[in-house]
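Below: the structure, in structure tokens.
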Number of protein chains: 2
Amino acid sequence: MSTTNSLTVEELGSAAQRDRRKRILDATYELASDGGFDAVQMRAVADRAEVALGTLYRYFPSKIHLLVSALAREFDRNEAMLKEMGPIPGGTAAERVIYIMKRTTRGLQGDPKLTEALTRAFMFADSSVAAEIHTVGMSLTTMLTHAMHSGQPTEHTEPTAEDIAIARVIGDVWLSALMAWVTGRSTAAETGAHLETAVGLLLRD
Amino acid sequence: MSTTNSLTVEELGSAAQRDRRKRILDATYELASDGGFDAVQMRAVADRAEVALGTLYRYFPSKIHLLVSALAREFDRNEAMLKEMGPIPGGTAAERVIYIMKRTTRGLQGDPKLTEALTRAFMFADSSVAAEIHTVGMSLTTMLTHAMHSGQPTEHTEPTAEDIAIARVIGDVWLSALMAWVTGRSTAAETGAHLETAVGLLLRD
DNA sequence: GGTCAATCTAGAACGTGTTCCTATGATGGA
DNA sequence: TCCATCATAGGAACACGTTCTAGATTGACC
């Protein structure tokens with residue numbers, strides 16, 4: 001269980017295992033991006049990743065785990081990108097938060113099928129996926145509190161309890177709005193407007 | 001398509017059809033209450049309701065429709081109960097809203113499996129269930145705006161756009177919190193606390 | 001009562017997530 | 001080098017949502 005590697009933080013395991021894991025997540029990503037939740041069929045993922053079905057299940061114990069893990073990877077990448085971006089534009093916390101949300105939302109809406117697949121999985125997850133879900137939640141909260149203080153004197157202080165509470169509420173609204181959009185119950189414009197209203201209500205400086 | 005009936009507003013159809021519909025929803029309710037989402041198996045529902053599988057699908061085109069319809073019926077009943085209850089206790093809008101939310105949440109948490117089944121279905125619904133979802137959403141929004149104004153001079157005026165926006169945000173938070181609770185990712189206490197915080201942030205009179 | 005259309009029953013059949021089994025490698029220790 | 005262990009491939013098998021088919025039943029209208 002350890003030969004010449006342990007380079008990345010990603011996951012433990014041999015290079016071959018890390019490679020399989022990556023191939024599986026890539027295949028998931030492609031299928032989801034192509035045809036959404038329904039197109040991510042376990043046999044299809046296994047085929048495309050060139051692993052056996054049993055191996056796929058050994059790496060990810062369910063379709064939901066698989067998709068939520070893919071989502072977590074996306075969030076990680078998104079977070080890394082944001083870090084490189086420097087200070088977030090906007091004169092008030094509300095403006096900066098809205099900027100970030102719109103940016104992220106636009107990214108998601110640019111790949112609707114993928115977003116549908118990931119959001120669905122997120123919503124359907126049970127406690128066995130709690131760890132992955134928590135990762136995503138923390139990622140989102142961090143992103144939001146960061147936006148609130150970005151470029152401010154308070155930038156490098158810990159977010160207050162109220163900051164975190166507000167971030168969580170915004171996260172909830174965002175998830176609901178995304179859900180409504182993904183399921184075709186509201187348009188992209190409505191989603192954006194609702195989000196903006198919510199941020200306005202919560203962050204009246 | 002009309003002999004001696006058309007008594008209730010419930011649904012169109014003969015008495016036998018209304019009866020079947022009720023038996024199906026009752027069976028759904030019982031199975032959900034017993035074993036949650038997974039226990040609501042279409043064959044089991046059909047058996048318990050004493051209808052054929054094909055008939056079940058004729059009444060409800062999918063498991064999700066079935067569960068969301070059951071949820072809508074519960075919300076109707078809840079709304080009727082609230083109407084009979086008279087003015088909602090609490091000196092501020094926030095207090096009244098929290099009162100209502102806690103009351104409803106407590107009701108749901110008293111039957112965790114049922115709540116799990118209904119919430120899951122709600123989250124998994126796509127646009128083909130939009131109508132039912134919209135019903136539930138309106139029901140919730142109405143309940144909340146009503147609570148905000150209950151016993152106030154403004155009681156019988158239309159809720160403002162801001163009222164509705166706030167109600168929607170609270171609804172979003174509630175759904176997320178319920179989701180987290182249902183999937184075992186947070187406790188009942190945490191759910192309540194988060195909700196209370198959110199209401200406090202949104203309704204600082 | 002007789003007829004027709006709609007509805008219902010019973011159950012087979014199909015698709016996809018999940019589990020399980022066996023044979024075949026890969027790996028690491030003696 | 002040889003052995004013990006464990007991961008993988010390949011694919012059958014199973015569970016449950018959904019669809020489909022064939023025949024019985026019902027109810028409206030003559």
Side-chain angles (χ1 to χ4, degrees), chain A residues 1-6 11-24 27-28 31-32 34-70 117 120-121 123-126 128-129, chain B residues 1-6 11-24 27-28 31-32 34-70 117 120-121 123-126 128-129:
Chain A
M1 191 72 74
S2 65
T3 44
T4 56
N5 51 48
S6 80
E11 279 300 321
L12 300 164
S14 71
Q17 283 172 336
R18 268 184 282 115
D19 186 53
R20 277 204 189 81
R21 187 185 156 89
K22 178 175 184 313
R23 285 210 311 275
I24 291 172
T28 303
L31 288 168
D34 246 37
F37 188 86
D38 289 341
V40 181
Q41 298 183 359
M42 299 305 267
R43 289 172 181 82
V45 172
D47 279 359
R48 186 174 293 219
E50 298 188 290
V51 299
L53 191 53
T55 306
L56 173 51
Y57 274 93
R58 159 171 262 280
Y59 280 76
F60 299 93
S62 76
K63 174 168 172 172
I64 300 296
H65 278 84
L66 176 57
L67 282 165
V68 173
S69 298
R120 276 255 149 88
M123 306 266 68
F124 212 59
D126 65 8
S128 75
V129 208
Chain B
M1 190 73 73
S2 65
T3 44
T4 55
N5 52 47
S6 81
E11 279 300 322
L12 301 164
S14 71
Q17 283 172 336
R18 269 184 282 113
D19 185 51
R20 276 203 191 82
R21 188 185 155 87
K22 178 176 183 313
R23 285 210 311 276
I24 291 172
T28 303
L31 287 168
D34 247 37
F37 187 86
D38 290 340
V40 181
Q41 299 183 358
M42 299 305 267
R43 290 173 181 83
V45 172
D47 279 359
R48 186 174 294 220
E50 296 185 294
V51 299
L53 190 54
T55 305
L56 172 52
Y57 273 94
R58 161 172 256 279
Y59 280 76
F60 300 94
S62 77
K63 172 169 174 172
I64 299 296
H65 278 85
L66 176 57
L67 282 165
V68 173
S69 299
R120 275 253 149 89
M123 306 265 68
F124 212 59
D126 64 9
S128 75
V129 208

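Only a predicted model underlies this, so the values are computations on that prediction, with no experimental measurement involved. Lettering follows sequence order; numbering is per chain, from 1.
Backbone-only contact: B/Val40 has heavy atoms under 4.0 Å from sugar-phosphate atoms and none from a base.
Residues satisfying the side-chain contact (heavy atoms from CB on, under 4.5 Å) test with B/Ala44, not counting sequence neighbours, are B/Leu31, B/Gln41. With sequence neighbours left out, the side-chain hydrogen bond (donor to acceptor under 3.5 Å, both in side chains) criterion links B/Asp34 to no other residue. Remark: B/Asp126 pairs with no residue by the salt bridge (Lys or Arg N to Asp or Glu O under 4.0 Å) rule, at least two apart or across chains. With sequence neighbours excluded, no residue satisfies salt bridge (Lys or Arg N to Asp or Glu O under 4.0 Å) with A/Arg43.
Rounded to 10°, the angle separating the first-five-pair axis and the last-five-pair axis of the helix from C/dG1-D/dC30 to C/dA30-D/dT1 equals 10°.
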Can you give me the N/O atom pairs linking the protein to nucleotides 10-14 of chain C at distances under 3.5 Å, or say none if there are none?
unit_1	atom_1	unit_2	atom_2	d
C/dA13	N6	B/Arg43	NH2	3.2

Can you check nucleotides 22-26 of chain D for protein contacts, nitrogen or oxygen pairs under 3.5 Å, and list what you find?
none

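Near DNA chain D, meaning a heavy atom under 4.0 Å away, the residues from residues 56-64 of chain A are A/Arg58, A/Tyr59.
C/dG17 atom C1' lies 11 Å from atom CZ of A/Phe124, rounded to whole Å. Between B/Asp126 atom CG and D/dG17 atom P there is a gap of 16 Å when expressed in whole angstrom units.
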Anything under 3.5 Å between a donor and an acceptor, one on a side chain of residues 48-70 of chain A, the other on a protein residue two or more places apart or in another chain? List them.
unit_1	atom_1	unit_2	atom_2	d
A/Arg48	NH1	A/Glu30	OE1	2.8
A/Ser62	OG	A/Ile64	N	3.3
A/Ser62	OG	A/His65	N	3.1
A/Ser62	OG	A/His65	ND1	2.9
A/Lys63	NZ	A/Phe37	O	3.0
A/Lys63	NZ	A/Val40	O	3.0
A/His65	NE2	A/Ser128	O	2.9
A/Ser69	OG	A/His65	O	2.8

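The shortest distance between the side-chain N/O atoms of A/Thr55 and the OP1/OP2 oxygens of D/dA7 is not below 4.0 Å.
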